[in-house]
Structures are given as structure tokens and as C-alpha cells.
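These figures come from a predicted structure and were not determined experimentally. Values below: all heavy atoms of this structure, side chains included; hydrogens, waters and symmetry mates excluded.
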Amino acid sequence: MRSRRRLRLGLLLVLALPAVPATAVSQPAPSTAQTKAAARALADKAWEHFNAGRYEEALAAFREADAQVHAPPFLLFAARSCERLGRLLEARSLYQRVVDEPLAASAPQEFQQAQADARVELTALASRIPTLEIAIAGVAPGAVELTLDGERVVQTGPVERDPGEHTVTATVRGQRPVTKTIRLSEGGKERVTLDLAPPPAPAVATPATSREDAGMDVRGAALVGGGVATGAGVVAGVVFTLVANGKASDAKRQWRIVDAMEGEAVDCRYPAGFNQTQECGELRSLVDDQYLFSNLALWSFVGAGASAIGTLGYVWLAAAPSEPEHQVRLAPLVLPGGGGLVAGGAF
């Protein structure tokens with residue numbers, strides 16, 4: 001703070017001198033007393049703004065003062081104002097102007113000190129400037145037009161920008177632009193990738209199946225399914241019938257065996273002895289099997305018949321028109337004062 005105050009007092013002292021050599025301040029012509037007075041007033045105002053934190057106003061006043069009488073301290077404080085405002089690229093440009101300005105050996109000490117300070121602050125500023133690298137995916141880089149904050153850029157490497165939000169837009173002919181916003185922080189190195197692959201081709205819609213075709217498909221499926229169920233029921237009924245007949249034949253042979261036992265009639269409800277019990281048990285088992293397979297055959301035929309009737313009924317109903325036929329009926333109408341016809345029906 002003390003060095004800045006000495007710099008300000010020394011600068012105002014230089015401006016108050018009757019003349020300043022042109023080589024010392026790199027001016028093409030000596031400044032007049034009037035321009036020096038204006039520059040001194042602007043420098044006072046700029047210094048007040050800077051100390052109060054009004055860096056936008058300080059920047060404008062320092063620039064105006066330098067326009068009246070060029071002096072490296074004006075540009076130094078203009079650069080510092082830009083730095084406080086976050087405009088790091090502009091600050092670097094002003095610092096560089098101060099560093100690159102040739103000063104004569106007889107230049108005021110304040111000018112030389114300003115140049116030395118600018119060199120130090122320029123070096124420190126370099127690491128604070130963020131960079132943004134833009135990568136393109138999906139298309140060749142040469143087919144893309146890139147803009148950063150509305151300014152066209154070339155995709156060759158990281159781009160320096162001030163801290164804050166920035167908008168990247170990539171445009172490929174025939175496609176909608178792709179836009180992305182990214183925030184850069186001081187010293188940050190960000191990378192953003194924009195995917196510009198063409199959108200997938202729209203799926204080809206298959207022709208819709210007409211209602212009539214869909215109905216035919218359903219009727220065909222019902223007819224096939226019903227036919228299979230009916231055939232299975234008939235086959236099962238035939239098989240069960242054959243088995244039941246076989247059981248009946250076996251039961252008759254077993255009955256003859258039981259009836260011939262010991263030359264007398266045998267009542268299997270009350271068998272006498274071990275042999276009668278065994279033979280009667282065999283007879284009962286054969287009779288039960290006959291009844292079982294007979295019932296299975298009966299219900300198989302019943303199921304086959306029901307399936308056939310249901311299938312034919314469904315096919316017949318599905319084939320019938322869904323809308324009633326338009327019919328018109330006419331009836332005579334007789335009234336005391338005349339007559340006529342009354343039309344009715346479905347229209």
C-alpha cells in the first residue's frame with residue numbers, strides 16, 4: 001500500500017513538472033499544461049475509485065488519464081482494475097503493454113517501478129487464467145463450426161478464457177446445433193465433449209393389419225385350436241373305450257373262473273376261504289377298471305363334442321357382420337284428417 005501511495009505521489013509530481021521528455025514517456029509530442037492538468041484530475045478520480053473498490057469506474061478513469069498524458073502507471077492500475085473485475089485476459093494485455101514499452105534511462109523512477117511491478121504481476125497472472133478444451137465426437141472435426149460465446153474458434157487445443165460461464169455451440173450442416181454451457185474457475189483446465197453423431201434413422205412403420213385380416217387370423221387360430229382339441233378328445237375317447245372293453249373281457253373270464261370254483265355258486269360279497277377272497281378281489285378290480293375307463297371314454301367324447309360345437313359356433317359368430325343390416329319398414333298411418341306412411345327401422 002505504501003509503495004502504491006509513493007507511486008501515485010510520484011506520478012502526480014511528474015505530471016506537475018513543466019515538461020517531461022518525450023523519450024521518457026514514449027509520447028510522440030510533449031504534453032501541454034492543459035492536458036497534464038486534465039490527466040492529473042482524472043488520476044485523482046481514478047485513484048479514489050480504485051481505493052473504494054469501484055474498479056469499473058477506476059478502469060475508465062485510468063484509461064482517460066492515459067489518453068490525456070501517457071504514463072506506464074496509468075496502464076498498470078488499469079490492468080489491476082481489470083484483474084479485480086475478473087477480466088484476466090484484458091489485464092494480461094495491459095500488463096504486457098507496460099512490460100514491452102521501451103523506457104529511456106532518464107525516465108522517471110515511477111515509470112520504471114511501474115514496469116517492474118507489471119513484470120512481476122504478469123508472471124503471477126499467467127497461472128490464474130483458465131483454459132477450455134473442446135472435443136468433438138461423432139463427426140469429423142473439419143465438418144463442424146465451433147463458436148465460443150458467439151466467437152468462432154478453431155479446434156486446435158485449449159482456449160484461454162476469463163473465469164465465469166461460457167457457452168459452446170457446435171453446428172453441423174443438416175443437424176440442429178448442439179449447445180453446452182460450462183463454468184470456468186481461476187486456474188482451471190476444463191474439457192467439454194460435444195457428441196454430434198447423426199440421430200438414428202426413424203423406424204420404418206410396418207403397415208397396419210386391417211381389422212378384417214386380424215379377424216381372419218383370430219378365426220383361423222380358433223379353428224385350428226378347436227380342431228386340435230376335438231381330435232385329441234376323440235382319440236382319447238377311442239383309446240379309453242378300447243381299454244374299457246379289454247377290462248370287460250377280462251372281467252368276464254375272471255367271473256367264469258370264480259363261478260366254477262368248487263362246483264358251487266360263489267357269492268363274492270361274502271367269499272369263503274382264501275381262494276374265493278383272492279379271485280373275487282381280482283374280479284372286483286377288473287370291474288372297477290372297466291367302469292373307470294368307460295367313464296373316461298364318455299367324458300373324452302363329451303369334451304370333443306363340446307370343443308367342436310364351441311369352435312364352429314365361434315367361427316360362425318365371428319364371420320357374421322358386426323353391424324346390423326339397415327332395414328326400413330313402412331306402415332300405413334290413418335288419421336281423422338288424412339293418412340300417410342310411417343317409416344321405421346335401423347338406418
Rounded distance (nearest 0.5 Å) linking atom [atom1] of [X] with atom [atom2] of [Y]:
| X | Y | atom1 | atom2 | result |
| --- | --- | --- | --- | --- |
| T35 | R40 | OG1 | CZ | 10.0 Å |
| L88 | S93 | CG | OG | 12.5 Å |
| L42 | D66 | CG | CG | 10.5 Å |
| R80 | L75 | CZ | CG | 12.0 Å |
| E56 | R87 | CD | CZ | 5.0 Å |
| T32 | K36 | OG1 | NZ | 9.0 Å |

Quick one: which of T147, V168, T167 gives a side chain to side chain contact (heavy atoms under 4.5 Å, CB included) with T179?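 The option that passes is T167.
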
Test item: [X] side-chain N/O and [Y] main-chain N/O as donor-acceptor pair under 3.5 Å:
| X | Y | result |
| --- | --- | --- |
| S249 | N245 | yes |
| E121 | Y95 | no |
| D117 | L76 | no |

Salt bridge check, E160 against R92: does any charged N sit closer than 4.0 Å to a carboxylate O?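 Yes.
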
Would you call E190-R161 a salt bridge at under 4.0 Å N-O?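 No.
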
Please report the closest heavy-atom contact between [X] and [Y], naming both atoms and the distance.
| X | Y | result |
| --- | --- | --- |
| A170 | L146 | CB-CD2, 3.6 Å |
| A107 | Q112 | O-NE2, 3.3 Å |
| V99 | A118 | CG2-C, 3.8 Å |
| A65 | A43 | CB-N, 4.2 Å |

Does a side-chain heavy-atom distance below 4.5 Å link V144 with T171?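 No - every pair of side-chain heavy atoms lies 4.5 Å or more apart.
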
Find out whether V159 and L148 are in side-chain contact, i.e. whether some heavy atom of one side chain is under 4.5 Å from a heavy atom of the other.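 Result yes, sub-4.5 Å side-chain heavy-atom pair found.
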
Which is it for E101 and H70 under the side-chain contact (heavy atoms from CB on, under 4.5 Å) test, yes or no, and what are the steps along the way? CA-CA 11 Å; E101 182 174 340; H70 172 66; 2.9 Å; yes

Between side-chain atoms of residues 127-139 and protein atoms elsewhere (two or more places apart, or another chain), which donor-acceptor pairs fall under 3.5 Å?
residue: S127; atom: OG; partner: A124; partner atom: O; Å: 3.4
residue: R128; atom: NE; partner: E186; partner atom: OE1; Å: 3.1
residue: R128; atom: NH1; partner: E83; partner atom: OE2; Å: 2.4
residue: R128; atom: NH2; partner: E186; partner atom: OE1; Å: 3.4
residue: R128; atom: NH2; partner: E186; partner atom: OE2; Å: 3.0
residue: E133; atom: OE2; partner: R191; partner atom: NH1; Å: 3.1

Any chance CZ of R54 has more than 12 other-residue heavy atoms, nucleotides or ligands included, within less than 6.0 Å?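 Yes.
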
Do the rings of F74 and F62 sit parallel, tilted or perpendicular, given the 30° and 60° boundaries?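 Geometry flag for F62 against F74: tilted rings.
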
Linked, directly or transitively: [X] and [Y] (ILVMFWY side chains, under 4.5 Å):
| X | Y | result |
| --- | --- | --- |
| L184 | L194 | yes |
| Y55 | F77 | yes |
| L94 | L122 | no |

With V120 via side-chain contact (heavy atoms from CB on, under 4.5 Å) - residues at least two apart: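 side-chain contact (heavy atoms from CB on, under 4.5 Å) check on V120 returns nothing, list empty.
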
Could you walk me through whether R63 and E90 pass the salt bridge (charged side-chain N to carboxylate O under 4.0 Å, His left out) test, one step at a time? CA-CA 13 Å; R63 286 186 180 277; E90 187 176 356; 2.6 Å; yes

Hey, could you give me each pair passing salt bridge (charged side-chain N to carboxylate O under 4.0 Å, His left out) that has a residue in residues 162-178? Not counting sequence neighbours.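 Of all non-adjacent pairs touching residues 162-178, those that pass salt bridge (charged side-chain N to carboxylate O under 4.0 Å, His left out) are E165-R183.
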
